[in-house]
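For reference, the structure is listed below as C-alpha cells.
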Amino acid sequence: MNALWMLVASVLFSVMGASVKLASRHYGVTEILFYRSLIGAACLFAFVRFRGASLSTPLAGLHLHRGVVGTAAVFLWFYATTVLPLGTALTLNYTSPLFLALLVMGVAMRSRGRVDWPLMATVGVGFVGVILVLQPNFAPGQAVGAAAGLFSGVLSAIAYWQVKELGERGEPEWRVVFYFSVTGAILGGLGGLAIGFTEHTPGGALLLLFIGISTLLAQLAMTRAYGQGRTETAASLQFSAVVFASVLGVMLFDDRIPLIGWAGIAVIVASGIASTALTARRRALRTASTELPDRS
C-alpha cells in the first residue's frame with residue numbers, strides 16, 4: 001500500500017510543479033511561496049485544533065533552522081520551475097539523495113568509519129547525470145535557473161537530514177510540516193512585501209489555492225508512504241514524479257529536452273534510487289551492529 005501512497009504523492013508533486021509554472025505568469029515566486037505556505041499552515045492549524053493536539057515544542061530552534069533551509073530549497077526549486085523545462089527543474093531538485101549520501105559519507109569519514117565505495121561510486125555516476133542534464137546550451141536566464149535547481153537539491157538534502165533529527169527526537173510529522181509552512185509563509189510574505197503583491201484574478205486565485213492544497217496532500221501522502229512500508233521502496237518510487245513532470249511539461253508547456261538531457265535525467269533517477277537503497281542498507285547495518293549482544 002505504501003507504493004500507492006508514494007505514487008499519489010509523486011503525481012501531486014508533479015501537478016503542483018506544473019501549477020507553479022502556470023501561476024508564475026501572474027505572480028512572483030515569493031508570492032507563490034507565501035500563499036502555498038499560508039494555505040498549508042492554515043489547514044494544519046485547523047487539523048490540530050480539531051484533534052485537540054498541541055503545537056508546543058521544545059525544539060523551536062531546530063524547527064526554525066529546518067524551516068529556513070527548507071523554504072530556501074522550495075524557493076529555488078520554484079524559480080527553476082519558472083525558467084526551465086518542468087522535468088529538468090524537478091530532476092535537479094531530486095539530486096537531494098545524492099547530496100544526502102555525500103553527507104552520510106562525510107559523517108562516516110569524519111568519525112573514521114569505513115568508506116562505502118559502492119555508495120561513493122553511485123554518487124559519482126549520479127553527478128555524471130547532472131553534467132549531462134546541464135550540458136545542453138541554455139537560453140538566456142536558464143543557466144541561473146539550472147544553478148538554482150541544483151542548489152535546491154543541496155538544501156533539500158540538508159532539510160531532510162534535519163527532518164530525520166526532529167523525528168528521532170519525537171516530533172510528529174504534522175508539527176514538522178506546520179512549522180515549516182509557518183516559516184515559509186513568513187519569509188514569503190516578507191519577500192512579497194518587499195517586491196509588491198499582485199492583484200488577484202479568479203483564475204490566479206484558484207491556481208494558488210490548488211498549489212497550497214496539492215502540496216499539503218502530497219506531503220501527507222508521502223509521510224504515509226514512508227510510515228507504512230520500507231523506506232528505500234518509498235524513496236525509490238518518489239522518482240516517478242520526474243517522469244510525470246516531464247510528461248506534463250511536454251503536454252502543457254511544449255518543453256523540449258534534448259536526447260542528452262533525457263539521458264542525464266535517466267542517470268540521475270537510477271543513481272538516486274541506488275544511492276537511497278545503499279544509504280538505507282548502511283543505516284540498517286549500523287543499527288544491527290549496535291544491537292548485537294555482548295558475547296565477551
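Pairing each heavy atom of Val8 with each of Ala221, the nearest pair is CG1-CB, 4.3 Å. Considering every non-hydrogen atom in both Gly87 and Ser246, the closest pair reads CA-OG, 3.5 Å. What you find for Leu33 and Val74 is that their closest heavy atoms are CD1-CG1, 3.8 Å. Across all their heavy atoms, Gly17 and Thr81 have their closest contact at O-CG2, 3.4 Å. Of all the heavy atoms in Thr71 and Phe180, the pair that sits closest is N-CE1, 3.5 Å. Looking at every heavy atom in both residues, Arg66 comes nearest to Val176 through NE-CG1, 3.8 Å.
Take Ser37 and apply the side chain to side chain donor-acceptor pair (under 3.5 Å) test, not counting sequence neighbours, and it matches no residue. Under the side-chain contact (heavy atoms from CB on, under 4.5 Å) criterion, Ser152 pairs with Leu76, Trp77, Asn93, sequence neighbours left out. Listed by chain and number, the residues in a salt bridge (charged side-chain N to carboxylate O under 4.0 Å, His left out) with Glu199 amount to none (sequence neighbours excluded). Looking at residues two or more places apart in sequence or on another chain, you find a side-chain contact (heavy atoms from CB on, under 4.5 Å) between Val69 and His65, Leu155, Ile158, Ala159, Gln162. With sequence neighbours excluded, no residue forms a side chain to side chain donor-acceptor pair (under 3.5 Å) with Tyr179. With sequence neighbours left out, the ring-ring contact (aromatic ring centres under 6.0 Å, His included) criterion links Phe34 to Phe197. Residues satisfying the side-chain contact (heavy atoms from CB on, under 4.5 Å) criterion with Leu209, sequence neighbours excluded, are Ile39, Ile213.
Between atom CG of residue Leu38 and atom OH of residue Tyr35 there is a gap of 8.5 Å, rounded to the nearest 0.5 Å. Of the inter-residue distances, the one linking Ile211 atom CD1 with Leu216 atom CG reads 14.0 Å to the nearest 0.5 angstrom. Note that CG of Leu90 and CG of Leu84 are 11.5 Å apart. Values are rounded to the nearest 0.5 Å. The distance from the CH2 atom of Trp161 to the CG atom of Leu166 is 13.5 Å, given to the nearest 0.5 Å. Separating the CZ atom in Arg175 from the NE2 atom in His63 is a distance of 6.5 Å, to the nearest 0.5 Å. Separation of atoms CZ (Phe78) and CE (Met16) is listed at 4.5 Å; rounding is to 0.5 Å.
Leu150 and Val242 fall within the same hydrophobic cluster, defined by Ile, Leu, Val, Met, Phe, Trp and Tyr side-chain heavy atoms under 4.5 Å apart, directly or through other members. If you chain together hydrophobic residues whose side chains sit under 4.5 Å apart, Val29 and Leu193 fall into the same group.
Clustering of Ile, Leu, Val, Met, Phe, Trp and Tyr by side-chain heavy atoms under 4.5 Å joins Ile195 with none of the others. Clustering of Ile, Leu, Val, Met, Phe, Trp and Tyr side chains at separations under 4.5 Å places Leu207 together with Val11, Val15, Leu22, Leu86, Phe210, Phe244, Leu248, Leu252, Phe253. Hydrophobic clustering, defined by side-chain heavy atoms of Ile, Leu, Val, Met, Phe, Trp and Tyr closer than 4.5 Å, leaves Leu206 isolated from every other such residue.
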Residue pair Ile186, Leu190: steps toward the side-chain contact (heavy atoms from CB on, under 4.5 Å) verdict: CA-CA 6 Å; Ile186 293 173; Leu190 291 174; 4.2 Å; yes
Derivation and outcome, side-chain contact (heavy atoms from CB on, under 4.5 Å), residues Val20 and Arg36: CA-CA 10 Å; Val20 168; Arg36 174 251 195 200; over 6 Å; no
What's the verdict on side-chain contact (heavy atoms from CB on, under 4.5 Å) for Phe45 and Val182, showing C-alpha distance, side-chain angles and the deciding distance? CA-CA 10 Å; Phe45 181 78; Val182 169; over 6 Å; no
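Taking 4.5 Å as the limit, every side-chain heavy atom of Trp174 sits out of range of all side-chain heavy atoms of Val177.
Contacts classified as side chain to side chain donor-acceptor pair (under 3.5 Å) and involving residues 13-28 (residues at least two apart or in different chains) are given here: Tyr27-His200.
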Would you list the atom pairs, donor with acceptor, under 3.5 Å between side chains in residues 47-61 and any protein atom, with sequence neighbours excluded?
residue: Ser54; atom: OG; partner: Ser56; partner atom: N; Å: 3.1
residue: Thr57; atom: OG1; partner: Leu59; partner atom: N; Å: 3.1
residue: Thr57; atom: OG1; partner: Glu171; partner atom: OE2; Å: 2.8

